[in-house]
There are 2 protein chains.
Amino acid sequence: MSANRGYHHGDLRAALISASFEVLAECGLQRFSVAAVARRLGVSSAAPYRHFPDRSHLLSAVSAAAARDLRAAVIAAADEAGGDPADRLAAAAGAYVRHVARTGAGLQVIYAPELYTLADDARREHTRALMTTLLDLATATGPASYQDAVLLVEATIAVAQGYTTLWSDGFFSRNDSSADDVAARAVQAARMVLTPPETGCSNQTVRID
Amino acid sequence: MSANRGYHHGDLRAALISASFEVLAECGLQRFSVAAVARRLGVSSAAPYRHFPDRSHLLSAVSAAAARDLRAAVIAAADEAGGDPADRLAAAAGAYVRHVARTGAGLQVIYAPELYTLADDARREHTRALMTTLLDLATATGPASYQDAVLLVEATIAVAQGYTTLWSDGFFSRNDSSADDVAARAVQAARMVLTPPETGCSNQTVRID
DNA sequence: GTCTATACTCCGATAGAC
DNA sequence: GTCTATCGGAGTATAGAC
């Protein structure tokens, strides 16, 4: 995995995907460029095109990897959250915030419009699995219908994405809020969106601690 | 300002700001360019630089206008929402979604990192007024502290921004969901985040109706 | 498989004519 | 105040050497 002598990488393809996450985390999708990824790896700007026909195909591979990793993070967070279905779904919001803070590859990347026309079965499969996982978590909370389960997933993702955007756009002062702080706030907010207001609700306002 | 002659605009400065919103709505901040704004107005790519020293200063003026318009929309939506403080704050989320869908200038533009170093008193004043308005709405819901009011504003904006991003990134199928549909969902979700779960809560899951 | 070199496009910004 | 013309830089992508 290290930079090698001469000019060769052991596995430039994998290295390109990995480095793409770093570029995304630092620059965002807006300023993502194949050239920047190549620079980061110390290879020429032409080298990536031996492994991906164009920028979109690289991004598609990144999207697939991001969906796979995010799904794993969501599952892990849900299992850590315990048995309550709403807690488990809300935990997915926290996993999302932390994942995007770390990798820079959120829904903007995973569902980037420019990838929609691309035929990439691996990516399709990973994004489908991610959505299935989220829908399963939502269904477990006992919505009245499949439609409602979809709305619950939407709400959860919207909360997570909202806090993520606020954080990455610098709306929070970076010094005051770590990614984990923001993730905790997202979980709290998601939990409230998902909570049928009846028994055992203790919070009066949105709080971190 | 000046008279119209030949290719001239009466007020190119104002026209540039207005056209910037259209470019933002179509391309997003990522692909926003001074050149595209000029093209849209049928003027040369050099013309904007007679009115703004550089791209950042144009964006700063756009940011100020966006903050002013968004604040007006928030106030109007709150007044329409009636007397309940939580309803009024939740209505701000809907106003935000509709505003961004229409103008393309959300927090990513209003609080764009590249504008932070710029000294633009007009913009500062408008963004400050917007935040004050939101904090006033939050304070009216009776948070335990100023800190909590800030957190309520954050939660409201996060929900609104989340639904907005999901919509603009094509996560919803455009055919199934209009901007107003999405705004309604955002209001519903925001209302639940803001609701202390005690009396009179009827919704079991997130619904539009 | 990676390099160098290059063609092309787009953008930001400036200079000078009118 | 706007135009034409132009420079410099960055990015995508290709061609051909090794």
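Letters A, B, ... are given to chains in the order of the sequence lines, protein chains preceding strands, and every chain is numbered from 1.
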For atom CG of L59(A) and atom C1' of dG11(D), their distance in whole Å
14 Å
Hits for side chain to side chain donor-acceptor pair (under 3.5 Å) against D180(A), two or more places apart or cross-chain, chain-then-number order -> none
Side chain to side chain donor-acceptor pair (under 3.5 Å) contacts touching residues 14-29 of chain A (sequence neighbours left out)
E22(A)-R40(A), E26(A)-R40(A)
Nearest whole angstrom, please: distance from the P of dT2(D) to the CZ of F52(B).
12 Å
Expressed as a whole number of angstroms, how long is the span from L12(A):CG to dG1(C):C1'?
8 Å
Within residues 17-32 of chain A, find the residues that approach DNA chain C with a heavy atom at under 4.0 Å, and present them sorted by residue number.
none
Applying salt bridge (charged side-chain N to carboxylate O under 4.0 Å, His left out), which residue pairs with at least one partner in residues 93-113 of chain B are found, sequence neighbours left out?
none
Rounded to the nearest angstrom, tell me the gap between atom CG in L16(A) and atom P in dT2(C).
8 Å
Without decimals, in angstroms, what is the distance between E114(A) CD and dT12(D) C1'?
13 Å
So which nucleotide from dC3(D), dC3(C), dC11(C) ends up closest to the side chain of A47(A)?
dC3(C)
Scan for side chain to side chain donor-acceptor pair (under 3.5 Å) pairs involving residues 151-162 of chain B, sequence neighbours excluded, and state none if there are none.
R185(A)-E154(B), Y96(B)-Q161(B), Q161(B)-T165(B)
Is a side-chain N or O of W167(B) found less than 3.5 angstrom from the main chain of A183(B), in a donor-acceptor match?
no
Return the set of residues passing side chain to side chain donor-acceptor pair (under 3.5 Å) with Q108(A) (not counting sequence neighbours), or none when no residue passes.
none
Tell me the salt bridge (charged side-chain N to carboxylate O under 4.0 Å, His left out) pairs involving residues 42-62 of chain B, sequence neighbours left out?
R55(B)-E114(B)
Can you tabulate the close N/O pairs, meaning under 3.5 Å, that link protein atoms to atoms of nucleotides 7-10 of chain D?
none

Between protein and nucleic acid, restricted to nucleotides 13-16 of chain D and to nitrogen or oxygen atoms under 3.5 Å apart, what atom pairs and distances do you find?
residue: dA13(D); atom: OP2; partner: Y49(A); partner atom: OH; Å: 3.3
residue: dA13(D); atom: OP2; partner: R55(A); partner atom: N; Å: 2.9

Residues passing the ring pair (Phe, Tyr, Trp, His ring centres under 6.0 Å) test with Y49(A), sequence neighbours excluded, are none
Side chain to side chain donor-acceptor pair (under 3.5 Å) against S60(B), all qualifying residues, sequence neighbours excluded:
D120(B)
Closest contact, heavy atoms only, A61(B) versus F52(B):
CB-CE2, 3.7 Å
I'd like to check the side chain to side chain donor-acceptor pair (under 3.5 Å) partners of D87(B); sequence neighbours left out, ordered by chain and number.
R191(B)
L41(A) CG to dT2(C) P, straight-line distance once rounded to whole Å:
10 Å
